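What follows is a short report on a single structure.
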Amino acid sequence: MWVATTRTEAQSRCRELRQAGRLALAPTMGALHEGHLSLIEAGRRAADAVVVSIFVNPTQFGPHEDFHRYPRPIEQDLAMCESAGAAGVFHPPVEQMYPPGEPACEVNVPALAADMEAAARPGHFAGVCRVVAKLFHIIQPHVACFGMKDYQQLAVVRAMTADLAWPIDILACPTIRERDGLAMSSRNRYLSDEQRGRAIGLHRSLLRARSMIVDQHVREVATIESAMRQTIGEHGFDAIDYATLRDPRTLAPLQVLQADTPVVALAAARLGTTRLLDNLVIRNPTP
Ligand code: AMP
C-alpha cells in the first residue's frame with residue numbers, strides 16, 4: 001500500500017490505478033473505526049482498487065470547534081487501511097490542499113445546506129464541498145463512498161456531483177453502530193464513561209420516532225419531533241441542535257405524514273463539548 005503526501009504523487013499513483021481498472025475513493029478525516037472500514041469494503045466491491053484519503057480539513061471546522069484536538073492516530077490508521085485492502089492512502093499536509101496565497105474558490109449547494117448541520121456549523125458545507133471537489137479532481141475516482149451517518153453531507157455531495165456533471169458514482173454506505181446502537185464516530189472517543197452511557201439517547205430518539213410512525217400511526221410531525229426532543233432530554237444531553245423529520249431526498253421539513261410519506265429522522269445534540277449526530281431512514285422514497 002502506498003502513502004502519498006503530495007498532490008502530484010497522488011495524481012500519478014491514481015492515474016496508474018485507473019489504467020488498471022475502476023477506482024474508488026473513501027474520503028475520511030482519520031481516527032478510523034469500523035464505519036470507515038465499511039466504506040473501504042464497499043469501495044472494493046464496487047471497483048478494482050480503493051484509495052483512502054485521510055485529511056482533517058480545516059475549512060469545514062468553525063473557529064471554536066475541535067479542529068486542533070481532533071484525533072490523528074496516523075500510524076494506526078495506515079495499518080487499518082492496509083489490512084482493509086486499500087491500494088493507497090492520500091494523507092496530505094494542509095499546505096498541499098490549501099497552498100498559501102491561492103485565492104479560495106466557493107462551492108456550495110444552498111438548497112440543501114440551509115439548516116440542520118449548516119445552521120449549527122456555519123460555513124461547514126462550503127468547507128466540505130471545497131475539499132471533496134479538490135479530492136475528486138486529484139484522485140479522479142469512478143466511485144466515491146460516503147456514509148449515511150452524515151446524511152445531509154451525503155445529500156450535499158450527491159447534488160454537487162450531479163449538478164457539476166462530474167462522472168463519479170456516489171455510493172451511500174449504511175451507518176455502522178456499536179452493539180447498543182450508538183453510531184460509530186471518531187468523536188465518540190471524547191466521551192467519558194458516564195457520557196457514553198447517556199449517548200445512546202440520540203439513537204433512542206430516532207427509534208421512538210420510527211415506532212410512533214410505523215406502529216402507532218402518529219401523523220403530526222410536531223408531536224413526533226417533540227417526543228424525540230423529550231427522549232434526548234431524558235438522557236441528560238446538554239443541548240439539542242435539532243431533532244426533526246424530513247423528506248429523505250429534498251430534506252424539506254414535513255408537517256403531516258400520510259401512510260406512504262417517505263421520511264428520515266435526523267438529530268444532533270451535545271454532551272458536554274462533544275457534538276453527536278445520527279439519523280434513521282424510516283420510509284424510503286419509491287425509486
Ligand atoms: P469522517 O472521518 O468522520 O469525516 O467520516 C468519513 C466518512 O465516513 C464519511 O462519509 C462518514 O459519513 C463515514 N462514516 C463515519 N462514521 C460512520 C459510520 N458509523 N458508519 C458508516 N459510515 C461512517
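Source: prediction; values computed, not measured. Note that ligands are numbered from 1 as they come in the structure, with each ligand's atoms numbered from 1 the same way. All values below come from the heavy atoms of this structure, side chains included, with hydrogens, waters and symmetry mates left out.
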_Test side-chain hydrogen bond (donor to acceptor under 3.5 Å, both in side chains) on Thr273 and Tyr190; report intermediate values, then the result._
CA-CA 9 Å; Thr273 54; Tyr190 297 150; over 6 Å; no
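- Residue-to-ligand polar distances place His36 within reach of ligand 1: an N/O pair is separated by less than 3.5 Å.
- Between Arg283 and Thr261 there is a side-chain heavy-atom pair separated by less than 4.5 Å.
- Close N/O approach between Ala183 and ligand 1 is not found [any backbone or side-chain N/O within under 3.5 Å].
- For atom 4 (O) of ligand 1, the nearest non-hydrogen atom of the protein is Met29 CG, 3.5 Å.
- Numbered from 1 in the order shown, with element, the atoms of ligand 1 that lie under 4.0 Å from a heavy atom of Thr175 read 20 (N), 21 (C).
- The backbone N or O of Ser192 lies less than 3.5 Å from a partner atom in the side chain of Gln195, making a donor-acceptor pair.
- An N or O contact shorter than 3.5 Å is missing between Cys173 and ligand 1 by distance.
- Only the side chain of Leu39 comes within 4.0 Å of ligand 1, counting heavy atoms alone; its backbone N, CA, C and O stay farther away.
- Side-chain contact check for Phe90 versus Leu25: every heavy-atom pair is 4.5 Å or farther apart.
- Residue Phe146 approaches ligand 1 through these ligand atoms, each under 4.0 Å from one of its heavy atoms: 10 (O).
- Within the 4.0 Å heavy-atom shell around ligand 1 one does not find Arg177.
- Pro248 has its side chain within reach of Tyr151: a pair of non-hydrogen atoms, C-beta onward, lies under 4.5 Å apart.
- Considering backbone and side-chain N/O atoms, Ile176 comes within less than 3.5 Å of an N/O atom of ligand 1.
- Remark: distances from the non-hydrogen atoms of Pro174 to ligand 1 include one below 4.0 Å.
- Looking only at protein heavy atoms, the nearest one to atom 15 (C) of ligand 1 is His33 CE1, 4.0 Å.
- Both tests hold for Arg72 against Phe67: distance to the six-membered ring centre under 6.0 Å, angle to the ring axis within 45°.
- Proximity of Met148 to ligand 1, defined as any heavy-atom pair under 4.0 Å, is not found for any part of the residue.
- Contacts between Pro27 and ligand 1 below 4.0 angstrom, taking non-hydrogen atoms only, involve the backbone exclusively.
- Residue contacts with ligand 1 do not include Ala26, since none of its heavy atoms lies under 4.0 Å from the ligand.
- Near Met184, the atoms of ligand 1 lying under 4.0 angstrom from a non-hydrogen atom of the residue are 16 (N), 17 (C), 18 (C), 19 (N).
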*May I have the step-by-step check of side-chain hydrogen bond (donor to acceptor under 3.5 Å, both in side chains) for Thr231 and Arg208, ending in yes or no?*
CA-CA 8 Å; Thr231 299; Arg208 183 166 180 194; 2.9 Å; yes
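- Leu206 and Leu182 fall into different hydrophobic clusters, where Ile, Leu, Val, Met, Phe, Trp and Tyr are joined by side-chain heavy atoms under 4.5 Å apart, directly or via other members.
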*Checking side-chain hydrogen bond (donor to acceptor under 3.5 Å, both in side chains) for the pair Thr244/Arg246: CA distance, chi angles, key distance, verdict?*
CA-CA 6 Å; Thr244 181; Arg246 297 296 172 103; 3.0 Å; yes
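- The option with the heavy atom closest to atom 9 (C) of ligand 1, from among Lys149, Arg187, Gln153, is Gln153.
- Annotation: atom 10 (O) of ligand 1 to nearest protein heavy atom, Gly147 N, 2.9 Å.
- Taking any N or O of Asp150, backbone or side chain, at least one lies under 3.5 Å from an N or O belonging to ligand 1.
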